[in-house]
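Let me begin by presenting the structure, written as structure tokens, before commenting on it.
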Amino acid sequence: MEILVAVIGLAGALLAAFAAGALIRRLRDEPEGWLIAWTVAAVALCLSLGVIAVGYLMGFGSVTFRLYQVTGSMLAPLWLAVGMIQLLTERVPPRFLAWLMGIALTIVAGTIMIIDPLKSTEMGKTLPASSSFWNLVPSYLLIGVHAVAVLIMLAMLVVAGLKWRSGDEYDTDNLHASLVIVPSGIALVGAMRFTVPPLFTTALLAVAAAAIWYTVLRPLAPYEDDDEDDFDDQRGAPVRQESPMPAGGRSQRGRAAMPEPVPAADLPPGPPRRPTGLGDLVAEYRAGDQQVDYAARMVPPSGAGPSTGYIMNGAPPQPAPPQQDLPPQRADYAMPPGPPPSGPATGMFYTGSDVFSPAPPQPQPQQQPGSSKPSPNIYGLLTVFTIMDGAGEAFDRLAEATVEAVRRGEPDTLVYVCHAVKSAPLQRIVYELYRDEVAYRDHQRQPHVERFVNERQSMVLATNVIELNINAAKVVPLPTAMF
């Protein structure tokens with residue numbers, strides 16, 4: 001049994017070390033409070049599990065017992081609770097109080113547990129129970145730390161549930177993280193507080209380390225993408241380099257980090273343009289609360305070219321069916337004298353015993369609209385992704401799903417194309433055109449765009465973003481593959 005506990009302790013220590021390494025790598029790019037708190041908890045679990053493994057192989061002493069109790073029984077649950085506050089609260093006062101409480105308890109309780117004499121120093125190769133060796137002051141300190149940690153974690157679980165009920169994907173991911181961390185932390189406190197088999201206690205310490213690792217490595221939305229956060233309103237430096245972020249990177253509040261939409265009134269007025277179909281009407285409706293007769297707008301002016309609203313579904317207008325030879329109709333379409341013939345009224349006209357249908361309207365010759373200069377409000381981006389070796393298919397599937405969602409739900413996105421580069425298999429180019437910058441910022445906040453930003457992080461090595469001005473353009477629907 002001693003060998004089994006030592007093996008579990010060593011494996012758990014390695015797992016906690018990997019979790020701490022992942023957290024430290026994240027901290028270099030994303031110095032968030034919950035990452036710092038859980039890094040302390042992961043390091044504490046690593047030390048505690050390592051001490052258990054050493055103790056079961058070589059025997060416990062006063063140093064190993066104190067180190068095991070300070071790290072596993074006090075630091076790990078305390079900083080798991082502090083990390084939950086940093087993750088779920090957005091106000092500064094509670095987050096500051098959480099830091100103050102965590103640092104104060106760590107210094108005070110840790111100092112007392114290190115210098116306070118033990119009841120006995122005779123220990124063997126089994127995990128020593130805290131109640132058999134701590135005096136009164138350290139015992140009550142541990143009880144207080146455990147009570148505070150459990151209450152905080154339960155309260156944060158309730159907060160995560162309330163936010164999830166009226167929240168978005170961000171709150172759903174926070175609830176998921178809470179459902180993983182909180183039960184693990186409470187079970188860890190129970191194993192340290194009560195007398196349980198040493199194998200069970202060691203396993204719970206390893207499970208807490210695994211919970212931290214899983215929560216940190218799983219994709220949590222929304223992420224903070226450098227393409228969006230480093231948006232520069234000055235057009236003097238159109239090219240910027242994006243540093244890659246490790247998988248699972250996120251900000252404390254990704255939505256708040258995104259640039260705020262620019263009101264339509266603040267944008268420079270563009271030249272008036274003729275409406276070209278449903279897409280313009282939707283864009284105008286979403287741009288502001290303007291009183292517009294949309295039914296009248298859909299009627300093209302006399303002498304204007306054909307309506308181009310059919311571009312919305314990518315299909316050209318169908319030609320009129322060929323005319324068939326029909327018998328001559330009466331000029332006045334009058335009914336014959338006498339009682340009307342029986343039968344349903346189907347819009348056909350009777351002349352005697354013959355039945356005629358009205359002639360279909362003759363198609364009018366259409367004129368092609370003349371060329372015009374693109375609106376100066378059109379906003380464009382060209383993004384060059386350098387992807388990791390072996391991630392091309394996954395990136396292409398993600399891009400295809402994103403393009404399809406953009407096609408269905410973004411009428412103000414004029415062009416959104418993902419290109420592969422024949423001469424560079426590890427490069428992808430995304431070309432984007434928007435009706436204006438308001439449409440671009442609205443595009444940034446779509447759920448499918450957030451998902452594209454989130455999931456591509458683990459596939460992309462570097463990103464170059466080039467902002468564009470449109471001088472001249474011709475855009476027609478692209479031919480689609482037939483199956």
Side-chain angles (χ1 to χ4, degrees), residues 219 221-233 235 237-245 247 249 254 257-259 261 279 311 314 374 377-481:
Y223 300 106
E224 182 176 4
D225 185 59
D226 293 343
D227 295 350
E228 299 170 357
D229 296 335
D230 295 336
F231 181 79
D232 188 4
D233 291 333
R235 300 294 180 256
V239 181
R240 60 181 179 268
Q241 181 75 20
E242 175 187 288
S243 301
M245 181 181 292
M258 292 183 179
I311 295 179
N377 294 332
I378 292 178
Y379 181 75
L381 285 178
L382 184 68
T383 309
V384 181
F385 295 101
T386 302
I387 59 178
M388 297 182 182
D389 192 9
E393 294 184 2
F395 184 91
D396 292 341
R397 288 194 300 268
L398 178 62
E400 182 178 357
T402 305
V403 170
E404 178 62 22
V406 170
R407 186 190 68 83
R408 291 196 309 264
E410 297 186 26
D412 290 346
T413 300
L414 307 179
V415 177
Y416 196 87
V417 184
C418 181
H419 302 268
V421 182
K422 292 184 178 180
S423 60
L426 295 181
Q427 284 190 343
R428 298 294 185 271
I429 298 176
V430 175
Y431 178 59
E432 309 165 54
L433 284 183
Y434 302 93
R435 192 172 301 280
D436 47 36
E437 290 194 30
V438 174
Y440 166 65
R441 297 179 189 276
D442 184 62
H443 162 83
Q444 288 181 296
R445 288 161 173 77
Q446 300 301 318
H448 49 267
V449 178
E450 291 183 355
R451 175 175 175 267
F452 180 53
V453 171
N454 301 342
E455 298 186 7
R456 79 186 185 206
Q457 298 294 336
S458 59
M459 312 173 193
V460 174
L461 289 173
T463 304
N464 288 332
V465 181
I466 304 173
E467 299 179 43
L468 305 173
N469 290 327
I470 308 302
N471 294 333
K474 175 189 177 183
V475 179
V476 297
L478 299 176
T480 56

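Quick caveat: nothing in here was measured; it's all calculated off a predicted structure.
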Say you draw a straight line from [atom1] of [X] to [atom2] of [Y]; how long is it, rounded to the nearest 0.5 Å?
| X | Y | atom1 | atom2 | result |
| --- | --- | --- | --- | --- |
| Thr383 | Asn464 | OG1 | CG | 9.0 Å |
| Glu404 | Arg407 | CD | CZ | 4.0 Å |
| Ile466 | Leu382 | CD1 | CG | 5.0 Å |
| Gln446 | Glu450 | CD | CD | 8.5 Å |
| Gln427 | Leu461 | CD | CG | 11.0 Å |
| Leu398 | Cys418 | CG | SG | 9.5 Å |

statement: Sorted by chain and residue number, the ring pair (Phe, Tyr, Trp, His ring centres under 6.0 Å) partners of Phe395 (sequence neighbours excluded) come out as Phe385, Phe452

Locate the shortest heavy-atom distance separating [X] from [Y]; write the atom from each residue and the value.
| X | Y | value |
| --- | --- | --- |
| Asp412 | Ala439 | CB-CB, 3.5 Å |
| Arg435 | Pro411 | NH2-O, 3.9 Å |
| Pro374 | Asn471 | CD-O, 3.7 Å |

Minimum side-chain heavy-atom gap [X]-[Y] below 4.5 Å:
| X | Y | result |
| --- | --- | --- |
| Val421 | Ile429 | yes |
| Leu414 | Ile378 | yes |
| Val460 | Met388 | no |
| Leu381 | Tyr440 | yes |

Residues that Glu400 engages under salt bridge (charged side-chain N to carboxylate O under 4.0 Å, His left out), provided they are two or more places apart: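 Testing Glu400 for salt bridge (charged side-chain N to carboxylate O under 4.0 Å, His left out), a comparison that skips the adjacent residues, returns none.
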
Partners passing side chain to side chain contact (heavy atoms under 4.5 Å, CB included) against Ala394 (at least two apart in sequence or in another chain):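 Residues passing side chain to side chain contact (heavy atoms under 4.5 Å, CB included) with Ala394: Arg397, Met459.
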
task: Name all residues meeting the side chain to side chain contact (heavy atoms under 4.5 Å, CB included) criterion together with Val415; count only those two or more places apart in sequence or in a different chain, and write none if there are none.
output: Val417, Tyr431, Leu433, Val475

field: Counterpart residues, side-chain hydrogen bond (donor to acceptor under 3.5 Å, both in side chains), relative to Glu432 (two or more places apart)
entry: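 Testing Glu432 for side-chain hydrogen bond (donor to acceptor under 3.5 Å, both in side chains), a comparison that skips the adjacent residues, returns Tyr434.
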
Partner residues of Thr413 under the side-chain hydrogen bond (donor to acceptor under 3.5 Å, both in side chains) criterion, sequence neighbours left out: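 Here the qualifying residues are Glu410.
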
task: Please list all pairs passing the ring pair (Phe, Tyr, Trp, His ring centres under 6.0 Å) test where one or both residues lie in residues 406-427, with sequence neighbours left out.
output: Tyr416-His443

message: By the salt bridge (Lys or Arg N to Asp or Glu O under 4.0 Å) test, which pairs, at least two apart or in different chains, include something from residues 417-428?
response: Asp396-Arg428

